[in-house]
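In this text, all values refer to a predicted model and were calculated from it rather than measured experimentally. Note: hydrogens, waters and symmetry copies are ignored here, and every other heavy atom, side chains too, is used. Throughout, a chain's letter reflects where its sequence line sits, starting with A, and its residues are numbered from 1.
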Number of protein chains: 2
Amino acid sequence: MPSFTEENYLKAIYHLSDAGTKPVLTNDLAEAMKTKAASATDMVKKLALKNFLAYKKYYGVNLTPKGNREALIVIRKHRLWETFLVQTLGFAWDEVHEVAEQLEHIQSKRLIEKIDEFLGYPKTDPHGDPIPDRKGKLQEQHAIACDQLKEGKQAVITAVKDSDSSLLKLLDKIGAKPGKKIKVLARETFDDSMEALLDGHKVFLSKEVSKNLLVKE
Amino acid sequence: MPSFTEENYLKAIYHLSDAGTKPVLTNDLAEAMKTKAASATDMVKKLALKNFLAYKKYYGVNLTPKGNREALIVIRKHRLWETFLVQTLGFAWDEVHEVAEQLEHIQSKRLIEKIDEFLGYPKTDPHGDPIPDRKGKLQEQHAIACDQLKEGKQAVITAVKDSDSSLLKLLDKIGAKPGKKIKVLARETFDDSMEALLDGHKVFLSKEVSKNLLVKE
DNA sequence: ACCATTTTTTAGATTAGTCTAAAAATATAT
DNA sequence: ATATATTTTTAGACTAATCTAAAAAATGGT
C-alpha cells in the first residue's frame, strides 16, 4: 500500500501527464505538490523502486500500469466522495475539494464500494468528471475545451477542468454547470475572450474560463 | 491542530483514565498504543508542552481541560462515523471500528456537523456509547457493568464497552444489543459466569462478556 | 561548437515518530 | 533498611518526507 504522500504524488503525476500520454518533468511535479524539485526527485526515485513509475534521470517520469491503476483508484475515491458531499450532504460544488483530498486516502475497499452503491453508481462527479470503476477503468470523455469551439456552434457542457473554488463560484454565478447548453456568439482576438449564449442568457467568458470549460458538440 | 498520532494518544489517554478520573501510566499508554514505553514518554512530553496534558515525571499523566476537549471531539467524530456506517451504509456493528479509526481524523468541522444533521442528531452510536455534542460535552451514562448486577434483577442493556469484533459477533449471536432487557438468573462462583434471560431466551455469559455489557436498572 | 542558462540530481541537514539499550527513579520483600 | 525487581526516563540511532546549497546534465543562442 502506498503512503498518503505517495498516493498524492501518483495522482499529481496522472493529472500532469494528461492521463498518461506524456512524461512529467520534475519541476512541474514539484510545483504541483507545492514542494521543491529535490524532494520530487527523492519521491520519484522511491516510487520508481516500487514499480509505480518508469524513471529515466533528467527525462521525467511516466506511470507504469501499476502506478496508473493506483492513481485511478485514488481518483475514483476522490470523485465518489465529492459526489457524496454534494448530493447527500448538501455541500456546494466549490466547497468539496479540500475535504475530498482527505477522504480519498481512507483505506477500505468495502467503504468505497458501499458509498458507490449508496449513490446509485454515478458515472460522473459534480464537476462532470468521469468516475473510474472499481478496477480503475475510466470512461472516455471525447470532450474539447470551450475555447476550441467554433463560432455559432452549439454544445453541451460536460465538465470543469479546475477545482479552484473561485472559478467554481464564478461558474455558479453565470449558471454554467455540466448538462447546460452553450453556443459561441462572438470572439475577441485581443484577449481570446468570448461572448456566448448560456441557457438563454448572454455571458462573457475570459480565455481562462473558457479553457476550463469542457464541452461536447 | 494536533497531528493524527497526537489525536490517537489523546483518545487513548481519555479512555485509560476512565473519562479523566485517574492518571494514566506510561506502560499502560504504550500498550494501548501498541508501541514502547520510551515512545510513549516522548509523546507525553510533547503533548504536555502543548498543554494537552499535565505530566509529572514517573507519576503518569492527566488530560488538561484543553486535552479533554480535544479527545472528546475525536471521540465524537468516531462515534458519528460509526453510526453513519451502520445506519446509512449497512455495515454490521463489528465491522465499523477500523474504518472509523481512520475517518475520525478528517479535519473539517463542516463535514462532521453535516453528518450529524444527516443522521438526525443521534445521542448514541451503534454500540450504545453516548456521542459528545459539538462542544465536546458528554451525556452522563449512569450505567453499571452486567457482572455487578444482582441475581433476579431486571435491567436494560445500554452499551458495549469493548469494540473488539469477536465480542460483537458473539453478542450478535445471543441477540444482546443496546435496548434489550436482561435478567440475571444464576451465578457461578467458580468462574464468575452467569445464566441470564435475554429476550425470553436463556443465555450463558462468561465473566469476560458480562464485564463488557453495560446495563441500566 | 561553445558559453550561459535552466533543469535536475546529489549531498547533507531537519523534523516527527519510532526503536533499543542503558540509566534513574520508584516499589516491594524480607 | 537495604537489596531486588519493576517502571520510567534518557541517550542515541533509524525512517519518511522534507529542506538548502552545490554539483551535474541538458538546452538554447549565436
Taking ring pair (Phe, Tyr, Trp, His ring centres under 6.0 Å) as the definition, give me every residue that meets it alongside A/Phe4, ordered by chain and number, with sequence neighbours left out.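 Only A/His105 meet the ring pair (Phe, Tyr, Trp, His ring centres under 6.0 Å) criterion with A/Phe4.
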Sequence neighbours left out, what pairs pass salt bridge (charged side-chain N to carboxylate O under 4.0 Å, His left out) with at least one residue falling in residues 208-217 of chain B?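 Residue pairs with at least one partner in residues 208-217 of chain B: B/Lys153-B/Glu217.
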Holding to side chain to side chain contact (heavy atoms under 4.5 Å, CB included), I want the full list of residues that pass it with [X], two or more places apart in sequence or in another chain.
X: A/Lys22; result: A/Asp18
X: B/His97; result: B/His78, B/Glu82, B/Glu101, B/Ser163
X: B/Arg134; result: B/Arg76, B/Glu113
X: A/Ser193; result: A/Glu188, A/Asp191

Rounding to an integer number of Å, can you tell me how far [X] [atom1] sits from [N] [atom2]?
X: A/Lys50; N: D/dT15; atom1: NZ; atom2: P; answer: 14 Å
X: B/Lys45; N: C/dT18; atom1: NZ; atom2: P; answer: 15 Å
X: B/Glu6; N: C/dT15; atom1: CD; atom2: P; answer: 16 Å

Atom pairs under 3.5 Å, N or O on each side, protein against nucleotides 1-4 of chain C: can you list them with distances?
none

Can you classify the ring geometry of A/Phe118 versus B/Phe118 as parallel (below 30°), tilted (30 to 60°) or perpendicular (above 60°)?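 Aromatic pair A/Phe118/B/Phe118 classed perpendicular.
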Would you tabulate the pairs of protein nitrogen or oxygen atoms and nucleotide nitrogen or oxygen atoms of nucleotides 24-29 of chain C closer than 3.5 angstrom?
from   : atom 1 : to      : atom 2 : distance (Å)
C/dA25 : O4'    : B/Tyr58 : OH     : 3.3

Using a heavy-atom cut-off of 4.0 Å across all strands, would you classify A/Tyr55 as base, sugar-phosphate, or nothing?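 Touches sugar-phosphate only.
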Would you classify B/Tyr9 as touching base, sugar-phosphate or nothing, given that sugar-phosphate means primed atoms plus P, OP1 and OP2, and contacts are heavy atoms under 4.0 Å?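 Sugar-phosphate contact only.
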Can you pull out every side-chain hydrogen bond (donor to acceptor under 3.5 Å, both in side chains) where at least one residue sits in residues 136-150 of chain B? Sequence neighbours excluded, please.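 For residues 136-150 of chain B: none.
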Test side-chain hydrogen bond (donor to acceptor under 3.5 Å, both in side chains) applied to B/Arg69 - qualifying residues, sequence neighbours left out: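 Listed in chain order: nothing, the list is empty.
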Just by distance, do the side chain of A/Lys11 and the backbone of A/Ala71 share a donor-acceptor pair under 3.5 Å?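 Not at all, since once roles are kept as given, no pair shorter than 3.5 Å links the two residues.
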For DNA chain C, find the residues of residues 22-43 of chain B with a heavy-atom distance under 4.0 Å and give them by number; none if there aren't any.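 DNA chain C contact set from residues 22-43 of chain B: B/Thr35, B/Lys36, B/Ala38, B/Ser39, B/Asp42, B/Met43.
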Just distance, no hydrogens or angles: give the donor-acceptor pairs under 3.5 Å from side chains in residues 28-44 of chain A, sequence neighbours left out.
from    : atom 1 : to      : atom 2 : distance (Å)
A/Thr35 : OG1    : A/Ser39 : OG     : 3.4
A/Thr41 : OG1    : A/Ala37 : O      : 3.1

